[in-house]
Amino acid sequence: MASTVSLGKETLLEDGMPPAKKPRKLLPSLKTKKPRELVLVIGTGISAAVAPQVPALKSWKGLIQALLDAAVDFDLLEDEESKRFQKCLHEDKNLVHVAHDLIQKLSPRTSNVRSTFFKDCLYEVFDDLESKMEDSGKQLLQSVLHLMENGALVLTTNFDNLLELYAAHQGKHLESLDLTDEKKVLEWAQEKRKLSVLHIHGVYTNPSGIVLHPAGYQNVLRNTEVMREIQKLYENKSFLFLGCGWTVDDTTFQALFLEAVKHKSDLEHFMLVRRGDVDEFKKLRENMLDKGIKVISYGDEYADLPEYFERLTSEIAMRGRTGVPKEGQQLNGSAAAHTEIKANNAKASRQEHTAFLLQPQVTLSDQAAAALQLLPKYTVSRYPALVSR
């Protein structure tokens, strides 16, 4: 065993190297999940880690600034217009409104024809993403892909298609979905399109599918069958938020998953975050409890996430493989445990059946009312930038 020497607060091995960092323990209630019980929610933190050289992936502000730069390069904005957008951006005005106004400016209508300059700007901003991926980021994407292949669903708030690009490089095809295709969204929620990524704000490769406010996807909000299936996911599965931070405050995410779901604090979801500032960490943890979300630290540094998530993924995927029930076998627990309680199986089965029958059944009319109640909260009047549309 190598001996150590102490220099002030820092402990070093005799060869001058710091001792290996002790791996952070995995939360039992998370690591015992099976892939098919999870919905992975991918936020900007993951994209920023995968391709840190692309500012547009890091935040709304970064994306808007990149679009502004592209618009100026292509002579799509007058100087005064550019200065006005820059001022709004630096004053931290509502960034969703700023983005919407910019998109409208880059997509003017002439008679019945809409310009596609916005598409050109998007492609300029997200140009050649594949070559800008870093190895640690690819490790994250590999872990996500591993869980997907074992049954986990994936949705993202990001406009990029980094996960799809990485999968293609591995010889696997992932489909990009957005909220404009109700049929495919329904099939995704029903787990009939597991190797698909749902982009709730849209994906840059399909500019017409980009939505920045609930008024842009009323077709989904009004479709009671789609809304019922989407909300059942939040009630029946565990969402695992990766690189998300305050994603649950996103109006699109709230409208789809949170508004009509009752008793959220009784649910069990998870959010992996960097511990960082202790007070901020505690505040986030407290704020997420009423949404049924457990906030978990993967470490003190962003660089700790790939290794932590890889260990977590391996543990969950292993349980998914070994935990596939045989005919007549319950889902949870080892084969040995089932042998020990074999005598009680019939009784347990009767109790579970009785409990199931006593549960209140959700009807289509209930879900329809819940979905339609969302719409008045998100009328165009809440978005002044939409008035000119």
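- Salt bridge R311/E315: absent, no basic N to carboxylate O contact under 4.0 Å.
- No salt bridge links K184 with E187; every basic N to acidic carboxylate O contact stays at or beyond 4.0 Å.
- Heavy atoms only, all atoms of each residue included: K294 and L27 are closest at CD-CD2, 4.1 Å.
- Connection of F74 to L106 is established within a shared hydrophobic cluster, with ILVMFWY side chains joined at heavy-atom distances below 4.5 Å, either directly or through further cluster members.
- Nearest heavy-atom pair, T157 versus G43, reported as atom, atom and distance to 0.1 Å: OG1-CA, 3.8 Å.
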Only pairs under 3.5 Å count here: list side-chain donor-acceptor contacts from residues 75-84, not counting sequence neighbours, and write none if there are none.
from : atom 1 : to   : atom 2 : distance (Å)
E81  : OE1    : E78  : N      : 2.9
E81  : OE2    : K105 : NZ     : 2.4

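- Contact detail for I296 and F270: the closest heavy-atom pair is CD1-CD2, 3.7 Å.
- Atom CZ of R36 sits about 8.0 Å away from atom NZ of K194, to the nearest 0.5 Å.
- Taking the side-chain hydrogen bond (donor to acceptor under 3.5 Å, both in side chains) definition, one finds that E182 meets it with N219, N223, sequence neighbours left out.
- A salt bridge links K237 to E191: one of the charged nitrogens lies within less than 4.0 Å of a carboxylate oxygen.
- Side-chain atoms of N161 never come within 3.5 Å of backbone atoms of E164 as a donor-acceptor pair (strictly under, hydrogens ignored).
- Residue pairs meeting the salt bridge (charged side-chain N to carboxylate O under 4.0 Å, His left out) criterion with at least one member in residues 150-160: none, sequence neighbours excluded.
- Using a cutoff of 4.0 Å between basic side-chain nitrogens and carboxylate oxygens, K192 and E229 are not scored as salt-bridged.
- Smallest separation of non-hydrogen atoms from Y298 and L272: CD2-C, 4.0 Å.
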